[in-house]
Each structure stands twice: as structure tokens, then as C-alpha cells.
Amino acid sequence: MNNSDHNHKFSLTSPLYYVNGIPHIGSAYTTIVADTVARFHRLQGKSVLFITGTDEHGQKIQRTAIEENLDPQIFCDRIVDSYKSLWSKLDIKYDRFSRTTAPGHQQIVNEFFERVWSKEDIYLDRQQGWYCVSCEEFKEERELIENHHCSIHINKQAEWRDEENYFFRLSKYQQHLEELYESQPDFIQPASRRNEILNFVAQGLKDFSISRVNLDWGFPVPVDDKHTIYVWFDALLGYVTALLEPDQEPTLDNALSQWWPINLHLIGKDILRFHAVYWPAMLASAGLPMPKKVFGHGFLTKDGLKMGKTLGNTIDPFDLVDRYGADAVRYYFVKEIELGKDGDFNETRFINVLNNDLADVLGNSLNRTLGMLKKYCQSTIPQLTSADYSSDHPLKSIGMDLGDRVVQAYENLQVSQACEAVLILVRAVNKYIDESAPWKLFKQEQQAEVEQILYAVLESVRLSAYLLSPVIPTTSSKIYQQLGFDWDFNHQEEVQADKDFQIHSEWGKLSTNKTLGKASPVFSKLELSPED
RNA sequence: GUCAGAGUAGCUCAGUUGGUUAGAGCAUCGGACUCAUAAGCCGAGGGUCGGGAGUUCAAGUCUCCCCUCUGACACCA
């Protein structure tokens, strides 16, 4: 792959979500941000592969399925349907939905296992310790409370277990990992998370077990079918399996030929270690190139409190999108929450932000201007260009390098700042209209001035809609359509066919002489609605 | 306990290498206008920048101490 080719490709993943229940708001948050990033890269004309999916094996799944009197695969299929349905509601445009139960995955896992096995990085050893069946894990003695009860499942006593497991030689890769973090300083982001991992690794790495006995729902260890491969060697490799074309032979070489290495793993901070330590070590063992970046975002709180079943204050993502729509939910999560930090969801704030930013500021600035265009210009966009405005024009001066700033923000995954940068232009639009008062100029028959004002405003709104389209594709599409473009940002293949990021991301590059249709609100104001 | 990060207007946050009356958005209140989704525009109130001490001509910004919160400290997808 040559360099220019590489710059035109971008692969990214959300986690492959564990299917022990229907999707929760945290999964929706991650996936929305990942989708926004994917859309922005597509907008720039790059080839993008956005992978999401599900991790479906393990004892918890098996047990839950049995409780519901279902075959595990049937159970997983149902949960997967609910994920796909939520992604559809939220306008998530993934390229691959990777399931660890998908055909071909086992071959990939086996082949990968064999590679690591042949490096002698997998060995059989005895695992002794206190095992909490509910947690499905061994506990350190100090983690347990009185009488060896689990601190999470306080009414359950941990069992002493002495069983054989296969282990991955993580300890061997400590130096390798430290060199990786050194040579790829932004491999782990944000910086605070990177420090945590650096600390963790510096303390020394222990090998971890990669198999379980007494587990049916999963793949047998290739060299020993009494053992079942446990989560890491199964789930993480789902990212690799996803890279296969639908009709390709499931081999590692095939999977890795097109899209590897992954440019970005976007994940929650809870699973950072597995992606930032285990995963690169596994890949190193198998002799594969490292992913470019792992970004661990923060968690959501509701009204300042942790969400949880015990508090009963979880947010149902289906309910949220049903009540307020995809663009609203997407915008709030991308713009109002700093990626990497914990963020709060407050419904009143949600309503306020959406109504202000999208309805009052963005939507209304278009609406009021189209009204004037109709009265003053017979709905025809004046034929002007950027050259007709001086560089200190209140809107041109902001719009000129806005595209560059937004690109820069996206490159750094500063999605909130990307929105904020656009908002500066949109807010300036309303101020500009009021200060220049085209309705007065029209009465004074200063037609040229009126036209110059209206063009500047429409061009600013157009640019804003374009740059925000990865976040609010439906609203941006409505704006573009009212401005006379036959575009739908939810069908990016059409948009990309035009290949004009260079043109559309700049202010005043667009020469228009179109007659526009009827204006109607592009974003209806939200009202606080009761849940359920 | 050890390590890391954070504590700035009611809320969410900006505040570069220390330098004029500490900023933005939202929320609240007042005003003028009318092209518009009663939106927008103008203006106002509101902060001892967690507390204390120190360095300096000058500190939200540097140093030390203390308080509070969050996270990591191994198998939580």
C-alpha cells in the first residue's frame, strides 16, 4: 500500500458489544461518535470501513439464554436484531457488523491461535484461587469480604478452584509494549488514560488465561478440545474477521490485506486495557502490525449520578431516540460531551441545547433568510462569489478557514470543538442579519446590498450544514435540499460521488443561481416529553 | 494506601509561554426591532477562579500545604 493510498483509507471500530442484554445508552454513545467520525472521513472522500458488531460467546450468554429457555444462538440473534434496530434508528451507517458467531470467525481465531501457539506464547498451567461464579472470574484474596464472599455478589461465597487453563505469555511483551507506547505516542488517548496504562504496564505484566473448562458456548481450543477459548482470543479477533469481504476465504492473509492496520479503535474507558495492552501484545505475538490509535472515551452520568440498575436511573436509548429523533441525540452526545471525559445527560439541558443550537440558531437563520430571498429576490440565489467580499467581512472572515479548523478538530477527535467552531459562524449569522437589516435596505431599494447580504448568509448556513453533516445528517440534508441541492447526507455514496470536499468545505466557493423552493423549518423545536 | 486527573458565573465549559476592569454558550431579567420556528439582536445581573501560605512589580495561570471529587492499581466487553 503506498502512502497516498493510505491517506485515502480509514478503518475504525466501535467495540463489539457483549450481547447479555439489549443495547444501553453507553453503547449508543460510543457508536454515535464512531459513526460521526466515519462520516467525516467519508465526507472528505476517503474510503472508510466502519466496523461495529457483537461479542456473543461465554457462560453468561449461555446462562441467560437457558434462563429464557432459548438456544444461545437464537438468543444472540434476538439481541443482535435489537442492536441493528437501534443503529438504524440512530442513522448509524456501519460498513460491517461483526458477530463472533459469524461463519468464518472460528477459522480466523484458530489460525491466529496457531500462530501464537507456534511462537510458544501459549502454555497450559494451573489456575488456583477463589472463583466467583457470578463474576465468572478469579478473585484476589484481598478483593473478597468476610467468609470469602464476593464483594460484588455479597450473598455468594466464592469457590476455591484449582483448574487448568491455557495462558497467554503477556509478560514476554512488556518491553515491546513500552516501545510501542514510546514510538507511537498517541497510540493511547486521551493522555490521562495513556498515563494509566503506562503505569499499569510499568508495574509488570502477568500472563492471562485465555481458556475455560466447563464452558460450551464458544470455540474449542484448537490443541485441546476440553478447553474453550475465553473472551480475549475470541472477541478481539472479531475486528479482524470483520475485514473479510463477504465472499472471501476466511484466512488471516485475506482479512488483513485491505484494511489492516485499523486506524482507530473507539471504546469506553472500561475496556481500555484489553485494547491497549492485551490486544497489541497478541498482535505482536502473531507478527501483525499495530493499530494506529485506541481512544477510551468517558462514561455518561444522568443528572450528575452514575447510571445503574440499582438506582433505576438508566436512559433507554430506544425511548430517547423515539421521543426526540436521531439528530437530536447525536448532536447532544457529540457536541455537549467532551470526548474522553465523563459527561452528563440532563433532559432539560438536552432540550435547551437542541432548541437553541439547531432550531433557533441554525434552522431559523436559514428560515428567515429564505423568507427574505423570496420577497426580495424572487427566491433566486444571487450570483456572487467569495471574491465579491473583502476578507474582513463578518461572515467570510469566519468562514474562510473554518473547513480547515474543523478538519483539524476531527483529526484530533475533538468532535465537540468541531461543532463549536461551526457554531461560531452560525451565531455570527444572526448578528450579521440584524446589524445589516436587509429589510430596511430593501425599502431603500438598495437591491445589490440586499443580495450581497443574503448570499453571504446562505453561504454561511450552507457551509455550516455541510460541516455538521456527520453529526446531524438529516438536518443538514434538509438544509442542503432547501438550498437547491439534491443531496442526502444519509446516502453518502451520492455525496461522495461529487467528490467536492474541497469546494463544499470552503466559504463562497459555491456559485449559485438557483431558484429555491418553499422554506420550512429544518429542525422542529423539542418539548420536554414524559418518558415511556 | 500509591499513582494520575479535576475543582473558574445557577448549569456546561474556554482561559496560550504569569501582565490591562476573568470569558463563551445555556438559564434569568430589561430594552429596541420585525425578515423568521414569539426565533434573533442589544444590554444587565451573577464569580473572594476549592481553601491557605509563598515567589513576583504582577498569579486562575508558578511553588508548598490542606480539603473535595473522579479514575487506575490485572482478567469488569
Side-chain angles (χ1 to χ4, degrees), chain A residues 14-20 26-27 30 54-56 58 60 100 127 135-140 143 152 165 167-168 170 190-210 230-232 234-236 238 267-275 277-278 296 298-299 301 304 306 335-338 340-344 346 348-349 351-353 355-376 416-417 420 423-424 427 429-435 437-440 442 450 453-454 457 519-525:
Chain A
S14 82
L16 304 184
Y17 302 106
Y18 200 51
V19 291
N20 56 354
S27 316
T30 316
T54 46
D55 168 25
E56 307 182 15
K60 267 187 223 170
T100 54
Q127 169 110 317
C135 294
E136 277 189 65
E137 64 190 42
F138 285 92
K139 298 285 181 182
E140 297 290 327
E143 287 182 83
I152 298 165
N165 282 174
F167 283 79
F168 172 70
L170 180 66
S192 56
R193 299 279 154 216
R194 178 174 187 268
N195 288 339
E196 282 175 14
I197 295 293
L198 257 42
N199 261 327
F200 172 77
V201 173
Q203 284 167 23
L205 295 172
K206 292 199 298 202
D207 299 343
F208 62 91
S209 71
I210 58 168
Y230 184 63
V231 58
W232 325 120
D234 181 354
L236 287 167
I267 54 171
K269 62 187 183 182
D270 53 329
I271 54 174
L272 182 62
R273 180 180 312 141
F274 312 122
H275 287 78
V277 181
Y278 291 21
F299 280 172
T301 57
K306 271 186 192 176
K335 154 79 172 15
E336 281 301 300
I337 292 167
E338 179 79 19
K341 293 182 182 172
D342 287 356
D344 191 52
N346 173 278
T348 302
R349 181 171 171 71
I351 302 280
N352 282 337
V353 166
N355 285 346
N356 273 284
D357 289 1
L358 298 193
D360 297 345
V361 176
L362 179 62
N364 191 47
S365 63
L366 174 68
N367 203 243
R368 64 191 301 204
T369 308
L370 287 181
M372 288 188 276
L373 193 74
K374 185 179 179 186
K375 286 183 194 170
Y376 310 151
S416 173
Q417 284 90 328
E420 195 53 52
L423 260 286
I424 289 171
R427 291 195 192 103
V429 161
N430 278 315
K431 185 184 175 72
Y432 173 70
I433 296 173
D434 278 56
E435 285 178 351
W439 47 91
K440 283 185 188 162
F442 180 72
V450 169
I453 292 163
L454 297 189
V457 168
S520 72
V522 293
F523 187 90
S524 300
K525 285 220 182 191

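A, B, ... follow the sequence lines: proteins, then strands. Residue 1 opens every chain. All values below come from the heavy atoms of this structure, side chains included, with hydrogens, waters and symmetry mates left out.
Per the geometry, CG belonging to A:Leu373 stands 15 Å off P belonging to B:rC35, to the nearest Å. Protein atom CG of A:Asn364 is 8 Å distant from nucleotide atom P of B:rA38, rounded to whole Å.
Nucleotides B:rA6 and B:rC49 have their C1' atoms positioned 14 Å apart, rounded to a whole Å. Between B:rG23 and B:rG30, the distance separating the two C1' atoms is 22 Å to the nearest Å. Taking the C1' atom of each, B:rA22 and B:rC66 are spaced 25 Å apart, rounded to whole Å. For the P atoms, the distance from B:rA36 to B:rA24 is 30 Å, rounded to whole Å. Using P as the reference atom, B:rA44 and B:rC26 are 15 Å apart when rounded to the nearest Å. On the P atoms, B:rU48 is 31 Å away from B:rA4, given to the nearest whole Å. B:rG10 and B:rA72: their C1' atoms are spaced 33 Å apart (whole Å). Nucleotides B:rG15 and B:rU56 have their P atoms positioned 29 Å apart, rounded to a whole Å.
Partners of A:Asp342 by salt bridge (charged side-chain N to carboxylate O under 4.0 Å, His left out), not counting sequence neighbours, listed by chain and number: A:Lys269. Under the side chain to side chain contact (heavy atoms under 4.5 Å, CB included) criterion, A:Thr30 pairs with A:Pro15, A:Tyr17, A:Leu266, A:His297, not counting sequence neighbours. Among residues two or more places apart in sequence or in another chain, the side chain to side chain donor-acceptor pair (under 3.5 Å) test is passed with A:Asp55 by none. In terms of the ring-ring contact (aromatic ring centres under 6.0 Å, His included) criterion, residue partners of A:Phe274 (sequence neighbours excluded) are, by chain and number, A:Trp232, A:Tyr278. A:Lys525 pairs by the salt bridge (charged side-chain N to carboxylate O under 4.0 Å, His left out) definition with A:Asp360, not counting sequence neighbours. Looking at residues two or more places apart in sequence or on another chain, you find no salt bridge (charged side-chain N to carboxylate O under 4.0 Å, His left out) involving A:Arg194. Evaluation of the salt bridge (charged side-chain N to carboxylate O under 4.0 Å, His left out) rule for A:Lys341 yields no partner, not counting sequence neighbours. Judged as a side chain to side chain contact (heavy atoms under 4.5 Å, CB included), and not counting sequence neighbours, the contacts of A:Asn346 are A:Asp303, A:Asp344, A:Thr348, A:Arg349. Shown here are the side chain to side chain contact (heavy atoms under 4.5 Å, CB included) partners of A:Ala437, two or more places apart in sequence or in another chain: A:Trp439, A:Lys440.
Note on A:Asp360: only backbone sugar-phosphate atoms sit closer than 4.0 angstrom, heavy atoms only; bases stay farther off. A:Leu205 comes within contact range of at least one nucleobase, with a heavy-atom separation under 4.0 Å.
Picking from B:rC41, B:rU37, B:rC75 the nucleotide with the shortest atom distance to the side chain of A:Phe523 gives B:rU37. Listed nucleotides B:rU37, B:rC75, B:rC35 differ in distance to A:Lys375; the shortest reach to its side chain belongs to B:rC35. You'll find that the side chain of A:Arg368 is closest to B:rC35, out of B:rA14, B:rC35, B:rC3. With distances taken from any side-chain atom of A:Ala359 to the nucleotides B:rC13, B:rA4, B:rU37, the minimum falls on B:rU37.
Of the two residues contacting RNA chain B, namely A:Pro521 and A:Ser192, the nearest-nucleotide position lying further toward the 5' end is that of A:Ser192.
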If you restrict it to nitrogen or oxygen atoms, what contacts under 3.5 Å exist between nucleotides 69-71 of chain B and the protein, and what is each distance?
from	atom 1	to	atom 2	distance (Å)
B:rG71	OP1	A:Lys306	NZ	2.9
B:rG71	O2'	A:Arg193	NH1	3.0
B:rG71	O2'	A:Glu196	OE2	3.0

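Panel note: side chain A:Thr100, backbone A:Glu56; a donor-acceptor pair is recorded below 3.5 Å.
In this structure, A:Val277 and A:Leu170 have side chains that are in contact, with non-hydrogen atoms separated by less than 4.5 Å.
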Spell out protein contact along nucleotides 26-33 of chain B as letters: B when the base is contacted, S when just the sugar-phosphate is, - when no protein heavy atom is under 4.0 Å; keep the 5' to 3' order. SS------
Just the dot-bracket of RNA chain B, please: which string comes out with Watson-Crick or G-U pairs under 3.5 Å, [ ] for crossing, | for another strand? (((((((..((((.....[...)))).((((.........)))).....(((((..]....))))))))))))....
